[in-house]
Structure formats: structure tokens, C-alpha cells
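When reading the values below, keep in mind they use all heavy atoms of this one structure, side chains included, and skip hydrogens, waters and symmetry mates. Naming: A, B, ... by sequence-line order, numbering from 1 per chain.
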There are 2 protein chains.
Amino acid sequence: MPDPTPCQREAPPRRAVLSGLHRQPGYCLTCGVRAHSVCSAIDDQDIARLAEMAVETTVLPGRTFIEEGAPATDFFNVTAGNVKLFKALPDGRRQITGFAGTGHFLGLAVSDRYAFGAEAMDTVRLCRFSRVRMRQMMDDFPRLERRLLAEASNELVAAQSQMLLLGRKTARERVASFLLDRVGDAPCPGQDRSRGQGQGQSQGLNQGQDVPLPMTRADIADYLGLTIETVSRTLSWMRTERMIAIGKGHAVRVTAMDRLEILAGGEA
Amino acid sequence: MPDPTPCQREAPPRRAVLSGLHRQPGYCLTCGVRAHSVCSAIDDQDIARLAEMAVETTVLPGRTFIEEGAPATDFFNVTAGNVKLFKALPDGRRQITGFAGTGHFLGLAVSDRYAFGAEAMDTVRLCRFSRVRMRQMMDDFPRLERRLLAEASNELVAAQSQMLLLGRKTARERVASFLLDRVGDAPCPGQDRSRGQGQGQSQGLNQGQDVPLPMTRADIADYLGLTIETVSRTLSWMRTERMIAIGKGHAVRVTAMDRLEILAGGEA
DNA sequence: CGGCCAGTTGATACTAGTCAACGGACGTGG
DNA sequence: CCACGTCCGTTGACTAGTATCAACTGGCCG
């Protein structure tokens, strides 16, 4: 297993939510995240240009580093930690539109303002790129644009599934879908997305699949369009039905994948 | 006003849902839709290549021409008519993820299967491109890819708004948001998206803004995650509140934009 | 004319939201 | 050390917003 925290170089003295220093030219060459991210679209020989425009940024847990509606000046690439993306209504209701982990690219938008907010769920490390410079890179490297298009297409597909979930699924179906979407995610986020069905993650003599839930009930609720009470009740119900086992500290073990899959109602 | 049905050439003898003949090399040069679509990313001098790989296709109202889960062999560009895009559950519940009008590009996906279905709402004319050939075009013309990325980014933003709507808005808020999204759409779809604020929202002496609704109540319901009854009741309620006037044959006039906007709850 | 479909409206049911109480984990400070 | 407060999660009682079921209308077309 490679370096679990691939992005640690500089000292961490910063004040505002967003600050930081530019990377060294050779930075990206050794970045463990590159392989999983859009940066892989740039060859070794050109990657120094990318490195030099990347600003190292650290965001503390709970801090909002993209404000919905603020001028969209930067793109971001998550190099460590997890981020929640959301939209909100004036009265405070909010919808989490997605979770972004290591390797995820943020900030795609044609508009000059961010259409969503982003908040760090844990300590997050980011590469920050100005949009202007990023556009130059895209001009010079069409492969980068292709990679972004692929990323956007995947997100679009995910968004469509989420619309089906939010518009048409019941609370039980939503929670089941949510758990299944996360089966196979490594407990250590960002690594090992191989999703090998083989011996899977720690099945052993088969106790079921572990599902890491690095988010609170409130986050799950805001993601599924439910309340925390409903999420809690639904998980409790699944436990009494012996479909899952609820462990300490944000961990759930799926013990009846088959019934969960039926519940989730695979798409037609 | 230019040719309202810019894509009429060949005779219409066809049997299957999808068939058709390849375009003539000069076709795209005169296509009135080109300016509004991804095709504008290709210069006049190169557009013949695109024309030659485009297959003219007509789809009758109500026909599904993209089947969810089917092998994704083609991209489409809508040249006339309106399309609804949707995902469905095995038991028939369905969520319309979007409406696509003239100029809209369909089929973006990395997967080898369509993630959504598409059905003609009226008589639809399409340019159909094989994915393989389209990929060649993208290789040769990075501008095309850039244009597609912009298109995808916009759809992503729209999808996020829709998630907020589906997850967190009440029925009244959903219907209000839906109507407002369509204010300014020309009654004749595909033309005049200028959204000229010129004469204001035509208030003033003013009868209000016309909102064309070329879809049934069932479609609206499936788009908003509601039932047809709730949509009907909500529109009726808005009428009694004098926020809208309901005309014959799928037309609604917004008579109190301001109250509708408050209802829709502008995003934070 | 009769059948069908889209839409409206009413009565009732039910899912999930709201309000509230409680327990455990954790951190702080006496 | 323990008392205290806070945050997160669970559970219960009740409510409200939509869904469901059903009846009815008007338009369209064979």
C-alpha cells in the first residue's frame, strides 16, 4: 500500500480558509493522487507546468471553502480527505448533491459563480488552480479536456440516478441504495477503489461487507432528502431485519446484500 | 424568422424506431440548428465530415428511441421537436431527468450502455452519430470536446438544482420553480431563447408572461417527483390565488411573477 | 354515438416530518 | 476524580403533506 498521505510537504501555517503556496515543479510527478485524477491526462514532461500553477491548500474540518453563489475563481482537486457538495435554500434547508473524495475534481461550471457550496468533512488537502490558468492548460492539452468531459459525464449519470432516488424512491429504498453505493469503498478513503468482488473487503468467512460512513446522520439525511430521524429509524429497522449490523463510530456492515439490493430496487 | 423546420430533405419511409439515411455533405452548412448546438464547434470547412456521418432520423410522438440500459451505440442531436429523458424503476415508477429541445445533444456517457431512456414528445428529428465516429471527430477537433464539456457542465448545474428541488422543496415550491424555469421559453420551441428582458416580464400594462408547457401533467409530475393529482391541484391553487391563468391546450400565463418567485424560494 | 385520454376534484390513507425526551461519547473545568 | 455541557444518535407520539383511490368532465376521433 502506497503512501497514505501523498501530499505532505510544506509547513502548515495559514490563516484564511483558502491560502497556500504554489507547488514545486516536480510536485505532481510524485503525487500519489495523480493516477486517480484528471492530472493523469498530462504527461510527465508537461506536468511541471501544472504543478507550478497548483496552490497547496488545507481546509479544516467543517470549513466551507466554496461558497454557493460566490465568484468562481478556482478549480480544485482533492488530494486528501472528504468533501460534501451542497445547495441550500434561504431558510436553511439543504441538499447535499454529492460527496467528493481523494482525486475528485471540483468547480466545473460555465457560469462565473459557483453553483454549489463545498465543505470539508475532515481535514482536506487540495490543489487549487485559477480558472484562467486552467483554461490555458486545457487549450494546450486537449487530453485534459477529454478527461474532464469523462469526469463530467460520470457525474451526470450519477446525478440522474440521484434524481430518480430523490423523486421516486421511498425512505427505505433510498437508504438501501445509499448503502449499496458505498459497499466496496475502502475504509481508508481514496485508496483501493478496485472493488474486487473476490474476497472483497474483509469478508473473511463472510460476515458481510463493511460500509464506511464518514459522514453524520445529518449529512446522510441531506443527501437522501430525508430527516435525520427517518434515516436513524430506517437504519434501525434494517438492523432489526438483520440486513445490516451497526457498529461503533460510523461503520455499518451489510449482512444481507441480496435483500438490500431488492429493497434498493435496481433500476429498470 | 428562419426556417422553422430546418431539417427536411429526404422522403420519410421508415419502419424501425431508428433508421434513416446519411446526410449530404453540404447538409450542416445550411442547418438552422447548428448555431445553437455543439455542431457550431466545427468550422464550415470541416463540417462536411460531420454531415457525412450524421444519419437523418425521425421519431414519432411517444416512441422511445433510447432504451435505458441498452448498448450505447450512438449520439444524437435534436434538430426538431422535444424529447423527455428519464430513468425508471422496475415497478414502473419513473423520473424524468430533463427535457431536451432543438439543439440539444444526447448520449453523453462513458459507459457502454445508456444510463437513461429518451422518448419523443412530438415528432422529433435527429442527427444520429455513431459513437466511434464521433470519437474520431473529437480527436480531430478539440473544440468539439470543449463544447461538449460546456454542455455537460451546464447540465450538471441544472441537475444539482433539480436535486435540491426533488430533495427539499414542497409541491408548491416545485411547481413554482418549474414554471419560472420555463418563463421566457419561446412558445415555438428552439427559437428565440434570447430571453429579452426588454419589455420586462411583460408586466406593466400587462397580462403576464406566457409559459409554454408542451408536456402532459404526467410528464410534469414525473419531472417534479409528484403525482399528476398533486400537480393539478397545485396549479388550480395557484389559479385561485391569481398567480397564474390556465389557458386551453397546455398554456399557462404567469400573472404574479413576484409571488411565484417568492414561492419558488430562490436558492441561498 | 361511444370510447378513450387528459385533466380536475373529492375523500381517505399513509409515509415521512415535526416536536420532544433521552442516552452515550467526549471534552472541559472545578 | 466527577459534574457539566454539547453533540450525535435513537426512539416515541403526533401531525401534515402527498399519495392513493375514485368519480366526473370535456375534448378528440373512429
Side-chain angles (χ1 to χ4, degrees), chain A residues 61-62 84 89 91-96 119 121-122 165-179 211-241 244-252 263 265, chain B residues 61-62 84 89 91-96 119 121-122 165-179 211-241 244-252 263 265:
Chain A
K84 52 189 172 194
L89 290 168
D91 64 6
R93 282 175 288 174
R94 89 182 192 170
Q95 178 65 39
I96 292 182
E119 181 185 317
M121 298 167 65
D122 41 29
L165 180 147
L166 293 169
R168 290 304 183 205
K169 288 188 182 178
T170 65
R172 286 176 181 182
E173 290 166 343
R174 293 182 201 199
V175 174
S177 302
F178 174 73
L179 291 176
V211 179
L213 296 183
M215 63 286 284
T216 67
R217 294 284 186 271
D219 288 338
I220 299 175
D222 281 346
Y223 181 61
L224 298 179
L226 300 169
T227 59
I228 49 177
E229 292 95 331
T230 299
V231 170
S232 182
R233 270 188 255 272
T234 306
L235 287 171
S236 296
W237 173 80
M238 287 175 174
R239 177 165 42 78
T240 66
E241 294 288 320
I244 62 172
I246 300 179
K248 291 283 174 193
H250 295 279
V252 164
L263 231 192
Chain B
K84 52 190 172 193
L89 291 168
D91 63 6
R93 281 175 289 175
R94 89 182 191 169
Q95 177 66 38
I96 292 181
E119 181 185 317
M121 297 167 67
D122 41 29
L165 180 147
L166 293 169
R168 290 304 182 206
K169 288 188 180 178
T170 67
R172 287 176 181 181
E173 290 167 343
R174 294 183 201 198
V175 174
S177 301
F178 175 73
L179 291 177
V211 179
L213 297 182
M215 64 286 285
T216 66
R217 295 284 186 271
D219 288 338
I220 300 174
D222 281 345
Y223 182 61
L224 298 179
L226 300 169
T227 59
I228 48 177
E229 292 96 329
T230 298
V231 171
S232 181
R233 270 188 255 271
T234 306
L235 287 171
S236 296
W237 173 81
M238 286 174 174
R239 177 164 42 78
T240 67
E241 295 287 319
I244 61 172
I246 300 180
K248 290 284 173 191
H250 296 277
V252 165
L263 231 193

Would you check, one step at a time, whether the test side chain to side chain contact (heavy atoms under 4.5 Å, CB included) holds for Thr234(A) with Arg174(A)? CA-CA 10 Å; Thr234(A) 306; Arg174(A) 293 182 201 199; over 6 Å; no
List the steps, then state whether side chain to side chain contact (heavy atoms under 4.5 Å, CB included) holds for Arg217(A) with Leu235(A). CA-CA 10 Å; Arg217(A) 294 284 186 271; Leu235(A) 287 171; 3.6 Å; yes
What about Arg93(B): does its side chain form a donor-acceptor pair under 3.5 Å with the base of dT20(D)? no
Ion pair Glu173(B)/Arg93(A), N-O distance below 4.0 Å: yes
Within residues 215-222 of chain B, the residues having a heavy atom closer than 4.0 Å to DNA chain C are Thr216(B), Arg217(B)
Closest to the side chain of Ser232(B), out of dG9(D), dT8(C), dT18(C), is dT8(C)
With heavy-atom distances below 4.5 Å as the criterion, would you say the side chains of Met121(A) and Thr216(A) are in contact? no
Closest listed nucleotide, where the reference is the side chain of Thr227(B) and the choices are dT20(D), dT11(D), dG17(C): dT20(D)
Which part of the nucleic acid, if any, lies within contact of Arg172(A), taking any heavy atom under 4.0 Å across all strands shown: a base, the sugar-phosphate backbone alone, or nothing? nothing
Could you please name the option among dT9(C), dA16(C), dT11(D) that lies closest to any side-chain atom of Ser236(A)? dT11(D)
Please tell me which of Lys169(A) and Glu229(A) maps to the more 5' nucleotide of DNA chain C, matching each residue to the nucleotide holding its nearest heavy atom. Lys169(A)
Side-chain atoms of Arg233(A) come closest, of dT18(C), dA19(D), dT10(D), to dT18(C)
Using a cut-off of 4.0 Å on non-hydrogen atoms, how would the nucleic acid contact of Leu226(A) be classed: base, sugar-phosphate, or nothing? sugar-phosphate
